[in-house]
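Presented below is the structure to which this report refers.
Read the numbers this way: they start at 1 and go in the same order the structure lists the ligands and their atoms. Predicted model, so just to flag it, every value in this text is computed and none were measured.
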Amino acid sequence: MLNIDLHCHSTISDGLLTPIQLVERAALRGVTTMALTDHDDIAGLAEARNAAEAKSITFINGVEISVSWRGRTLHIVGLNIDPEYPPLVEGLANIRAGRSQRAENIAAELAKIGIQGSLEGAYAHVGERRLIGRTHFARFLVEQGYAKDVKSVFKKYLVKGKPGYASHEWATLSDTVGWIRGSGGRAVIAHPGRYGLGKNIWNDLLQEFYAFGGSAIEVITSSHTPDQVQHFARHAHAMNLMTSCGSDFHGPGESFFDLGQLPEFPAGCTPVWHDWNHQG
Ligand code: AMP
Ligand code: MN
Ligand code: MN
Ligand code: MN
């Protein structure tokens with residue numbers, strides 16, 4: 001088991017635990033190094049870092065940035081970022097600014113199939129209003145009995161081709177990798193198995209990501225099958241990219257892996273932390 005977890009969410013974005021509760025859970029579960037990677041926001045980092053230091057956990061400043069690339073949404077994790085780097089701070093503020101309008105659009109789409117009150121309903125589940133997102137709508141839909149859990153919501157609603165979908169322009173891939181790199185961090189393609197990219201498009205993404213200065217692929221994550229783990233490990237190796245791992249934990253019962261419960265990398269991977277000094 002790996003006791004390093006470099007991808008998880010707090011109430012700052014769409015997690016269910018506050019940054020402090022998240023760190024406490026990680027400590028109880030034997031995590032020794034962790035990154036908090038809230039969507040498009042870094043407001044939880046200082047609090048989480050203090051809590052982690054009190055528990056002797058090595059804390060990595062992280063973020064998960066929403067990107068639009070060729071008409072698709074991708075997530076890029078930044079690790080070891082400087083949360084005060086102005087282009088990153090401004091870039092994230094711009095991404096967040098689009099979320100409230102998008103939430104209205106989602107609510108309007110849901111109203112078309114007779115689901116009323118979803119905007120207020122989603123906001124009732126959000127920690128920070130500026131981070132309103134699909135998970136909050138999903139929790140509202142579960143509460144109203146439209147699906148049994150959050151995962152099932154995303155099979156019927158809120159995704160392209162289903163009710164409650166609203167398209168949205170996030171940041172560009174080149175800006176995102178640029179902010180992360182510019183702030184001294186490493187950019188990681190989060191959960192690549194989730195995007196359903198065909199071979200050619202995936203290769204294009206890898207080439208572009210590499211050319212922009214991307215560093216790693218998230219190989220171990222709750223959403224990958226064992227075959228996908230092997231597959232993406234091979235691609236990382238072939239492209240000379242490092243590998244990362246994270247539960248993508250959002251709350252108890254909401255992700256396949258809990259904090260610090262991750263399987264080891266396949267042989268031949270170069271972990272994204274291999275040259276971080278404090279890993280000693
Ligand atoms: P947003 O950034 O508002 O588009 O919301 C994206 C979030 O929705 C992701 O970070 C996940 O937390 C959640 N999500 C998306 N697809 C799924 C899925 N298939 N199962 C569970 N959660 C999902
Ligand atoms: Mn999420
Ligand atoms: Mn993600
Ligand atoms: Mn995530």
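At a 4.0 Å heavy-atom cut-off, the residues surrounding ligand 1 are D14, H39, H75, R99, R102, G133, R134, T135, K151, F154, R194, H250, listed by chain and number.
The stretch residues 227-238 participates, sequence neighbours left out, in no salt bridge (Lys or Arg N to Asp or Glu O under 4.0 Å) pair at all. Applying the salt bridge (Lys or Arg N to Asp or Glu O under 4.0 Å) test to residues at least two apart or on different chains, the pairs with a partner in residues 14-26 are R25-D258.
Residues I76 and F209 meet the side-chain proximity criterion, which asks for heavy atoms closer than 4.5 Å. Counting only heavy atoms from C-beta outward, the side chains of D40 and S13 never approach each other to under 4.5 Å.
The number of protein N/O/S atoms found under 2.8 Å from the Mn ion (ligand 4) is 4.
For the pair R96 and E128, the salt-bridge criterion is not met [side-chain N within less than 4.0 Å of a carboxylate O]. Comment: D5 does not engage R29 in a salt bridge, judged by the lack of any side-chain N to carboxylate O separation of less than 4.0 angstrom. R139 has a carboxylate O that lies under 4.0 Å from a charged side-chain N of E254, or vice versa, which qualifies the two as a salt bridge.
Inspection of the H125 and E143 side chains reveals an N or O donor paired with an N or O acceptor under 3.5 Å.
Taking the centre of each ring, H224 and H231 stay at or above the 6.0 Å mark.
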